[in-house]
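Every chain is numbered from 1 and lettered A, B, ... according to where its sequence line falls, protein lines coming before strand lines.
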Amino acid sequence: AQSVTQLDSQVPVFEEAPVELRCNYSSSVSVYLFWYVQYPNQGLQLLLKYLSGSTLVKGINGFEAEFNKSQTSFHLRKPSVHISDTAEYFCAVSLLTEKLVFGKGTKLTVNP
Amino acid sequence: GAVVSQHPSRVICKSGTSVKIECRSLDFQATTMFWYRQFPKQSLMLMATSNEGSKATYEQGVEKDKFLINHASLTLSTLTVTSAHPEDSSFYICSARFRSSYEQYFGPGTRLTVT
């Protein structure tokens, strides 16, 4: 079975600062990795995904993530955050057509 | 992109009544739909997976007689919470996927409050 650990439940940062949201996964087989963002009282929006190929994945809104197989990590990064990036971020894994397994989420708060 | 809608966005019902939540894929045929439940400040918990024309597959610990799921067409799935109780109050989110795709498209969610 797969599992996902998001190491930080809350991350406060100042506007225009860089941010990294950490995600580690556990699986006995190769998995596919996703980052989703959830704004208050809304559904989830896909930020980016890793299926295969280049380990550096670029997504929407200036986010990127790096897949590290040896460390079983898929950390999300943004070089300069905006107030509008304040949201909940979820890391998830799946076996493609199988169900998604989500981490517990990281609340990113960007302060002026 | 693929759009999924949910209706209603918010619903308040009295304890003991049933409430139905609809999930629609607006611009694609969803061969598989998923229903999630999210408690405040927590992650999404998969409740069940439904394939069009088949019975839903429920996750362990989810009462299938309480949470009735119907996926009668390729664009509509419904979740009925029967004999709702205050502990059923939660945020319910659906997602949909079409046959050849790995990606799930999420609806905006439905906030259920049982009084």
With clusters defined by side-chain heavy atoms of hydrophobic residues (ILVMFWY) lying less than 4.5 Å apart, directly or transitively, does Phe34(B) cluster with Phe67(B)?
no

Kindly work out whether a path of hydrophobic side-chain contacts (I/L/V/M/F/W/Y, heavy atoms less than 4.5 Å apart) joins Phe98(B) to Leu46(A).
no

Step through the shown structure and confirm whether more than 12 heavy atoms of other residues, nucleotides or ligands are within 6.0 Å of NE2 on His85(B).
yes

Nearest non-hydrogen partners of Glu59(B) and Lys99(A), listed with the distance
OE1-NZ, 2.6 Å

Cluster check Leu74(B), Leu79(B): I/L/V/M/F/W/Y, side chain < 4.5 angstrom:
no

Just by modelled atom types, is the Gly105(A) backbone N or O under 3.5 Å from a matching donor or acceptor in the Ser43(B) side chain?
no

Where is the tightest heavy-atom contact between Phe91(B) and Gln38(A), given as atom of each residue plus distance?
CE2-NE2, 3.8 Å

Please indicate whether Ile83(A) has more than 12 foreign heavy atoms, meaning atoms of other residues, nucleotides or ligands, lying under 6.0 Å from its CD1.
yes

Which distance, rounded to the nearest 0.5 Å, do you find between the CZ of Phe102(A) and the CE of Met45(B)?
12.5 Å

The single option from Phe106(B), Tyr105(B), Tyr36(B) that satisfies ring-ring contact (aromatic ring centres under 6.0 Å, His included) with Tyr36(A) is Phe106(B)

Give me the atom names and distance for the closest heavy-atom approach of Phe90(A) to Gln42(B).
CZ-O, 4.0 Å

Whether over 12 other heavy atoms sit under 6.0 Å from Lys66(B) NZ:
yes

Per-residue tally against chain A (heavy atom, under 4.5 Å) across Leu44(B), Val4(B), Thr49(B), Ile93(B) peaks at Leu44(B)

Look at Glu88(A), Lys104(A), Lys107(A) and state which one has the largest set of heavy-atom pairs under 4.5 Å with chain B.
Lys104(A)

Quick check on Glu16(A): does its CD atom have over 12 non-hydrogen neighbours (other residues, nucleotides or ligands) under 6.0 Å away?
no

Is it the case that one hydrophobic cluster holds both Leu21(A) and Val110(A), taking links as side-chain heavy atoms less than 4.5 Å apart, direct or via other members?
yes

Hey, could you give me the CG/CZ distance between Asn41(A) and Arg10(B), rounded to the nearest 0.5 Å?
5.5 Å

The test is side chain to side chain contact (heavy atoms under 4.5 Å, CB included); show your working for Val101(A) and Leu46(B) and say whether it passes.
CA-CA 8 Å; Val101(A) 175; Leu46(B) 179 65; over 6 Å; no

Spatial distance of atom CD (Gln38(B)) from atom CG (Leu44(A)) [nearest 0.5 Å]
7.0 Å

